[in-house]
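I have placed the structure first, in the form of structure tokens, so that the comments after it can refer back to it.
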Amino acid sequence: MLEVAQIREHKDAFVKALQKRNIDATALLDQVIAADETRRASQSQLDQVLADSNKFSKEIGILFKNGEAQKANLLKEKTAGLKEQSKGLQEQLNEASETLKNLLFTIPNIPHDSVPEGNTDEDNEEVFRKGDIPVLHDAAQPHWELAKKYDIIDFELGTKITGAGFPVYKGKGARLQRALISYFLDKNTAAGYTEYQVPHLVNEASGYGTGQLPDKEGQMYHVTEDDLYLIPTAEVPVTNMFRGDMIAASDLPITCTGYTPCFRREAGSYGAHVRGLNRLHQFDKVEIVRIEHPDNSAAALDGMVDHVKTILEELELPYRILRLCGGDLGFTAHLTYDFEVFSTAQDRWLEISSVSNFQTFQANRLKLRIKDKDGKKMLAHTLNGSALALPRVLAGILENCQTPEGIKIPKALVPYCGFEMID
RNA sequence: GGAGAAAUGGCAGAGUGGUCGAAUGCGGCAGUCUUGAAAACUGUUGAGGGUCACACCUCCGGGGGUUCGAAUCCCUCUUUCUCCGCCA
């Protein structure tokens with residue numbers, strides 16, 4: 001959620017920034033400013049009425065104490081009108097606040113200066129590339145064939161017990177999943193992130209806090225009986241741990257990592273490129289989350305990108321980094337880098353990590369603030385990234401590391417899974 | 001699932017209708033003393049809205065009500081604790 005005070009002061013800059021998302025926000029921002037003015041006007045009218053009635057109440061109290069009941073009763077009559085007024089003004093104020101809030105909920109974050117123009121993923125800007133794309137043997141196969149061949153993932157079985165997009169991992173496949181989770185968590189904790197295990201269901205307030213609600217309402221599984229949502233990413237519970245907090249600047253940065261399954265309805269995304277592990281309703285992910293001082297968030301984002309790089313290099317996977325263009329940028333993000341691994345067998349890049357700086361956009365919803373040494377208060381900056389999402393890393397390993405003899409496990413993972421080959 | 005008790009500032013904890021945004025203690029910050037630190041002493045110390053700055057308004061778990069006036073009374077929801085039941 002953008003900050004009203006900022007919009008009020010720098011409307012033109014906001015309009016210009018939002019153009020990168022191909023949104024003309026002029027009218028919308030005017031509405032915001034108007035709603036805010038209405039809100040403040042109602043507020044100050046109400047304040048005035050309340051101030052008067054407070055004054056009368058005090059006088060009545062004193063009169064009763066002094067035994068001047070008659071005078072007091074006279075005053076009482078005066079307050080009746082004020083009460084009516086304040087009720088009306090209160091309603092007006094609530095309405096204005098609600099209007100303002102709902103408007104703000106519809107406006108996405110403003111993109112960073114470096115975010116390229118563009119509409120689709122075609123317009124994302126490649127900023128880095130590393131690793132050799134392997135030359136595979138003639139009989140190389142995509143991962144869904146390999147999964148069947150080595151009997152490590154059973155998609156049909158998942159369909160039987162739940163539905164499409166809920167695979168069953170088996171034998172070395174299951175072990176490799178567990179190995180990847182441990183490996184990622186170890187890498188993250190070694191880099192200073194504190195490990196957490198968090199709930200996999202969250203309440204509505206948490207959904208609003210990180211911005212999944214109301215924007216992505218239909219993309220989350222909603223347990224209506226208890227009004228809880230299955231998390232689409234660990235970002236939601238982890239970031240919401242700090243909802244409403246006031247953090248001493250000296251305690252920053254706060255860095256967290258956690259493994260969770262992620263649940264996504266993926267409504268409307270069927271069609272091309274969803275075979276095998278490419279798009280699932282349930283998948284595993286290890287996430288990193290940082291809460292930073294505004295002065296440090298840009299450097300922190302770079303640090304997170306470097307961290308993810310080291311993991312991919314250890315896994316010996318060919319990858320590239322994209323700076324997302326305005327049209328592809330998530331609703332809450334200010335600047336996002338996507339990591340993609342190249343799959344030779346599928347002849348395409350697979351997104352395996354997304355690292356973002358949200359600046360104050362989430363913090364404003366979360367009411368997550370920093371207090372510095374001088375007592376100055378400000379909204380924190382939040383950042384997060386996948387380190388990493390499992391299914392496509394697994395797909396990348398299966399497809400890139402296949403040999404005629406079997407899948408050769410990257411060295412870094414061998415101590416975690418206890419075998420060198422899947423054959 | 002049933003019965004009871006509770007929810008107050010960073011923490012602990014008073015306050016049961018009228019200068020209560022809230023005693024007191026701890027903690028935090030600043031100062032005095034000290035070569036420095038500790039101790040002691042003095043001062044200061046919740047949040048949001050609003051204003052150029054004041055004024056002023058709101059907030060004692062959330063929501064609603066009674067009243068001229070609510071932290072205090074009533075209703076409701078949530079959470080925590082204790083006991084009973086059930087159970088991985």
Side-chain angles (χ1 to χ4, degrees), chain A residues 1-10 32-104 197-209 213 223-229 237 240-252 254 291 360 362-380:
Chain A
M1 193 159 69
L2 296 174
E3 297 168 70
V4 189
Q6 297 289 325
I7 293 176
R8 230 192 291 159
E9 281 171 44
H10 311 290
V32 168
I33 290 167
D36 182 50
E37 262 162 28
T38 309
R39 201 211 87 230
R40 281 184 299 154
S42 320
Q43 174 83 263
S44 72
Q45 280 176 53
L46 174 64
D47 285 0
Q48 195 51 57
V49 173
L50 288 176
D52 288 346
S53 80
N54 283 346
K55 214 162 34 183
F56 283 132
S57 293
K58 253 171 208 173
E59 282 174 32
I60 290 169
I62 291 165
L63 288 174
F64 271 124
K65 219 172 226 173
N66 298 341
E68 301 180 75
Q70 222 173 13
K71 277 189 183 173
N73 285 322
L74 227 69
L75 262 185
K76 265 196 197 181
E77 283 166 32
K78 269 185 159 175
T79 59
L82 289 177
K83 217 180 170 188
E84 280 302 302
Q85 269 187 59
S86 75
K87 225 170 211 169
L89 287 167
Q90 184 68 57
E91 267 167 39
Q92 216 181 85
L93 174 63
N94 291 346
E95 206 173 294
S97 303
E98 193 68 17
T99 305
L100 178 61
K101 201 178 74 185
N102 288 333
L103 280 170
L104 287 171
Q197 277 199 20
V198 292
H200 300 165
L201 280 84
V202 294
N203 57 29
E204 192 182 43
S206 293
Y208 274 97
L213 293 175
V223 182
T224 51
E225 181 82 17
D226 300 291
D227 201 17
L228 296 172
Y229 294 86
N240 271 284
M241 293 196 292
F242 305 97
R243 170 152 43 89
D245 284 3
M246 177 91 74
I247 297 168
S250 55
D251 290 336
L252 294 175
I254 288 174
I291 296 166
T360 60
Q362 290 184 326
N364 193 27
R365 294 185 170 204
L366 293 159
K367 295 283 164 275
L368 166 53
R369 286 165 302 159
I370 299 171
K371 192 187 227 169
D372 70 15
K373 208 167 169 289
D374 306 320
K376 207 179 125 200
K377 282 161 285 194
M378 69 198 95
L379 290 170

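Order of the sequence lines sets the chain letters (A, B, ...), proteins ahead of strands, with each chain counted from 1.
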How close or far is atom [atom2] of [N] from atom [atom1] of [X], stated in whole angstroms?
X: A:L82; N: B:U67; atom1: CG; atom2: P; answer: 16 Å
X: A:L228; N: B:U78; atom1: CG; atom2: C1'; answer: 13 Å
X: A:I60; N: B:C68; atom1: CD1; atom2: P; answer: 8 Å
X: A:D227; N: B:U78; atom1: CG; atom2: P; answer: 12 Å
X: A:K376; N: B:C29; atom1: NZ; atom2: C1'; answer: 18 Å
X: A:N73; N: B:U67; atom1: CG; atom2: C1'; answer: 13 Å
X: A:I247; N: B:G28; atom1: CD1; atom2: C1'; answer: 17 Å
X: A:D226; N: B:U78; atom1: CG; atom2: P; answer: 11 Å

Look at all strands and tell whether A:S57 reaches a base, only sugar-phosphate, or nothing, counting heavy atoms closer than 4.0 Å.
base

In RNA chain B, consecutive runs of at least three Watson-Crick or G-U pairs below 3.5 Å, as range with range, amount to B:1-7 with B:78-84, B:10-12 with B:24-26, B:27-32 with B:40-45, B:46-49 with B:56-59, B:61-65 with B:73-77

Point-to-point distance, once rounded to the nearest 0.5 Å, from [atom1] of [X] to [atom2] of [Y]:
X: A:L228; Y: A:E204; atom1: CG; atom2: CD; value: 10.0 Å
X: A:I60; Y: A:K71; atom1: CD1; atom2: NZ; value: 13.5 Å
X: A:L82; Y: A:L50; atom1: CG; atom2: CG; value: 9.0 Å

Given the [atom1] atoms of [N] and [M], what is the spacing between them in whole Å?
N: B:G62; M: B:C56; atom1: C1'; result: 26 Å
N: B:G9; M: B:G4; atom1: C1'; result: 29 Å
N: B:C60; M: B:U72; atom1: P; result: 8 Å
N: B:A47; M: B:G10; atom1: P; result: 8 Å
N: B:C73; M: B:G17; atom1: P; result: 8 Å
N: B:U82; M: B:C75; atom1: C1'; result: 25 Å
N: B:U34; M: B:A22; atom1: P; result: 37 Å
N: B:G25; M: B:C84; atom1: P; result: 41 Å

| said: Is a donor from one side chain sitting under 3.5 angstrom from an acceptor on the other, for A:N203 and A:S206? | reply: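 Yes, A:S206 and A:N203 have a side-chain donor paired with an acceptor closer than 3.5 Å.
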
Please check if any side-chain donor atom of A:Q90 sits under 3.5 Å from a side-chain acceptor atom of A:N94, or the reverse.
-> yes

Which of A:H10, A:R8, A:E9 passes side chain to side chain contact (heavy atoms under 4.5 Å, CB included) with A:Q6? Answer is A:H10

Could you pull out the closest heavy-atom pair between [X] and [Y], with the gap in Å?
X: A:S86; Y: A:L46; result: O-CD1, 3.6 Å
X: A:G209; Y: A:N240; result: CA-OD1, 3.9 Å
X: A:R39; Y: A:L93; result: O-CD1, 3.5 Å
X: A:R365; Y: A:L213; result: NH1-O, 2.9 Å

Whether each nucleotide of nucleotides 47-65 of chain B has a protein heavy atom under 4.0 Å at its base (B), only at its sugar-phosphate (S) or at neither (-) is summarised, 5' to 3', as SSBSS----SSS-------

